Amino acid sequence: MNAVARLSNVSRIYPPRAGHAAVHALGPLSFELKAGEFFGVVGPSGCGKSTLLDVLAGLSAPSEGTVEFEGKPVAGTVPDGVGVVFQEDASFPWLTVEDNVAFGLRRLGTDPAEIRRRVDFAVGFMGLNDFRRAYPSQLSGGMRQRVCIARTLVLQPRLILLDEPFGALDQQTRLLMGDELLRLWRETSATVVLITHALDEANLLSDRIGVMSARPGRFIDVVETGWPRDRDSRLAERPDFGAVTSRLWSLLRTESMLALGQGAQAAE
Amino acid sequence: MSKAGWIRLVVLAAFFGAVEALCRTGVISPKLVIAPTAMVEAMVKLLGSGELNPDIRQTLSSVGIAMGLSVTGGFALGCVLYWLPPLRRTVDPFLAAYYSLPHFAFYPLLIVIFGLGALPLIVLATLFAMVAMIMATLSGLDRIPRVLIKTARMQRLSLPAEIWHIRLPAAAPHLFSGLKLAVTYSFIGVIAGEFILSTSGLGHQIAYAYDNFDNRTMYGLILLVLCIATAFNLLVFAYERRLARQRGQ
Amino acid sequence: MTAVRTLRGPLLLTLTLLVAWQVLHQWAGDTALTAPLPTLEHLWEMIGQKRFLPHLSETGLAFLQALVIAWAGGVGIGVLLGGHRLTGEVAEPILVGLYSLPKITLYPVILLLFGLGMSAKVAFGALHGIIPVALFTMNAVRNVNRTYLRAGRAMRLSPAQTGWHVLIPATLPEIFTGLRIGFSLTLLGTMLGELFASQRGLGFLLMTAIDLNDVQTILAIAVLISLFAVAANSILLAIDKRLHRGAAA
C-alpha cells in the first residue's frame, strides 16, 4: 500500500513568550499513513497529540521537518481532501443542521442539486434526518458532533483527522459513535486518523495505533491490532481484545507518570 | 406570558396607576409632575399640532446620522484595534475612561471646525456613541471560539469569506448590544447638545419649556423622546430575540 | 523592564494626544483651541486661585455622594434581585429598559423634583450609576456556581463563613466590573447635571467659560476632569483585571 501522508523529522517548538520559556511540544517524529487505514494515536495528556494533528492538517506549520499529503508538501494551509473534526463543539449556532452540513459545499459554489444529494446522504448517514431544521442549541452534545462529522463528510475528504471528537460524550454514546465511525470509514474508504485518550477506543477502532511519549511527543511504538475490517463495538467481547489494551497501557504507564509531573511543574 | 411577565405588568400598572392617582388628587403638585395620562395627551396634541415638526425632524435626523456613523465607524475601528493588539493596549485606558470625559467641553472647537447648526452636534453625538460600538465589536471578536476559526481554515475559506460567514455571525450578539448602546448614546449626545448649546431641536424645546414653567409641553416632549428611543430599542431587541431563540440562548 | 513595557503605551498615547492637540491648535488658531503648554499653565494658575477651590469641592462632594449612593444602592438591589429568582426575573427587563433610556431627557424632571443645587446633581449622578452596578451584581449573585455552595455545606461552613469565604470571593470580580462601569457613568451623570442649571462646580465654570468663549479655561477644566477620569479608570481597570485573573485561575 502506498502512503497518503508522510511526516519526516517533524518537530514543533513554541517560541518563548513574555515570561515563558520555549516549549518543545512535538517530535522529532517520522511516520507514514497508509492509504485507507484507520490510525489511532494515544498518549499521555499534554504530549502534543493535538499539535501533531494540527501539523498534519496544515493548521500549523512544523518548526522543523516536512509534511506531505498525497506527495505534495503541506505548507501552513489545509490541503484539499483533508477534513478535520475537533474536540470542541464547532457547529455554527446560527445555522440549522442542514445549513451547517451544506456550509462547505456552498462556499465552493457546488451545483445546488449536487449539494442536496450529498447533504441528504450525510444527514441520513449520521442519523440526523429528524433534525434537519433544528439549530445546534436544540441538540445534545453527541448530535452536534454528528453535525460536525456530516459537515466534514460532504466534502468527501480522502484523509479524515479526528481530534478526540467524542471526548465530551458519555461512554455508551462513545461506543455507538465509534460504530458509526467504523461504518463511515468502510463506506468512504478514506484514511482516518483518530486522536483519543481512551485506550479501549483506540484499540477497537484502529488498524494501527501510534503510542506517544510524554512531551516532547514521539512515537515510542506503533501497535498493529490486526482486527478485521468489518468490525464493531462487539469486538470488545473477544478474549484477545484485552491483551492489546494491556499492551498499550504497559507502554504508556511510565510516560503518563512523567506527564503528570510535567503538568505539576506547568501549574507552578 | 410567564409568571414573572404577569407580575411585571401588574407592578408597572400599579406604579403608573399610583402616580396617576397621586397627581389627579393633587398630592403631587402639577408644578412637579403631571399625571401620566396628561403626558400622553400633551404628546398627542404636540404631534397633532405639527408646530414642533421641524424640531422633531432635526433631532431625529441628527440622531439617525450620528447612529449610522457611530455604528459603522465604531465597527471599523473595533476591527482595526482587534488586528493591531499593540495599538489596542495603548488606547485601552483611554477607551475605559471615555464615558467619564467631559465631551461638551470640546463643543466650541467643533463649532470652529464644522460651523454652527446641526453638524457639530452630529459630530459630538457620533464621537460619543462610537466608543460603545468599538468596545462591543472588540468583545464580540474576542469571544469567537477558536475552534470556529480553525473550522474556517479547515474549510479553506478566504479571509473575506471567513469574516462574512464565520466571524460576523459569531460576533453578532455583541454587535447588537453595541447597536443598542449606540442608539442611546446618539440620543444623549444630540439631546444634551441641544439642551445647552442649540436654539432648535427637541432638546432645546424641552429646556425652553422647562425655563417657561410649561410642564405640559415639557412632559409631552420628554415622553415623545423616550417613546422614540424605546421603540427603536424594542425593534433591535425583537430581532435580537429572534436570533437568540434560534441559537437557544 | 516590565515597568517600562506597561508605561510605554500610556506614555505614547499621551504624547500622541499632545502632538495632535498642538497640530490642531496650529490649524484652528487660538480662538478655537489654545496650545497645550499655555493651557496647562492656565490650569495650574486656576488651581492656585482661592475662588477655584469651592467649585472643585462642590463637584467632588456631589460626585462622592452620588458614587456612594450608586455603589451601595446598586449592590444592595443587585444582591436582592440575584438572590431571589422571581424578583430578579420581574425586575431585570425593567432595569435593562431604564439602562438604555437616554436619561439626559429626564434631567428637567430631576430638577423639578430636587430643586436647583447639590441634591439634583447627586440624584442625576446616582441615577446614571446605580443601574449598571445593580445589573452586574445581580448577574454575579445569580451565576454563583452552585457547586461552591454545596462544597461549603460539605465542609460544614456556617452561613456567615459561606458568605465571607465563598460568596464574596466568587462574586467580587463581576461586581467590581459593575462598580467600575458605575463609576464612569456616575461621573458622566454628575458632570451633565452640573452643565445645566447649576450655580457652582466645575460644570458651572465650564458652562460660564463656554458662554464667554473663554477657550483656555474650557480646555483647562476639560483637561482636569479628563486627567481625573483617566487616572481613576486606569486604577479601577488594573484592579478589575487582577480580580478576574484570580477568578480564572
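Letters A, B, ... are given to chains in the order of the sequence lines, protein chains preceding strands, and every chain is numbered from 1. Note that the structure is a prediction, hence the values are computed from the model and not measured.
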* Asked: Hey, which residues of residues 145-158 of chain A are touching chain B, say heavy atoms under 4.5 Å apart?
  -> Arg151(A), Thr152(A), Leu155(A)
* So, for Val84(A) and Met154(B), which heavy atoms are closest and what is the spacing to 0.1 Å? -> O-CE, 2.9 Å
* **Side chain / backbone / both / neither for Asp89(A) at chain B, heavy atoms under 4.5 Å** => backbone
* Shortest non-hydrogen separation from Arg156(B) to Val78(A) and the atoms involved -> NH1-O, 2.7 Å
* Contact class of Ala90(A) relative to chain B, heavy atoms under 4.5 angstrom -> both
* Asked: Got a second to check how far Arg153(B)'s CZ is from Asp54(A)'s CG, nearest 0.5 Å?
  -> 8.5 Å
* Of the non-hydrogen atoms in Ile166(B) and Trp94(A), which two are nearest, and what is the gap between them? -> O-CH2, 3.5 Å
* Using non-hydrogen atoms and a limit below 4.5 Å, what part of residues 96-108 of chain A faces chain B? -> Phe103(A), Gly104(A), Arg107(A)
* **CZ (Arg241(B)) with more than 12 external heavy atoms under 6.0 Å** => no
* To do: Against chain A, label Ala170(B) side chain, backbone, both or neither, depending on which of its atoms sit under 4.5 Å from a heavy atom there.
  => both
* To do: Verify the neighbour count for atom CD of Glu64(A): are there more than 12 heavy atoms of other residues, nucleotides or ligands below 6.0 Å?
  => no
* Asked: Pro145(B) versus chain A, heavy atoms under 4.5 Å apart: side chain, backbone, both or neither?
  -> neither
* How long is the span from the CG atom in Leu95(A) to the NE2 atom in His165(B), to the nearest 0.5 Å? -> 10.0 Å
* Find the distance between CD1 (Ile149(B)) and CG (Leu59(A)) and round it off to the nearest 0.5 Å. => 12.0 Å
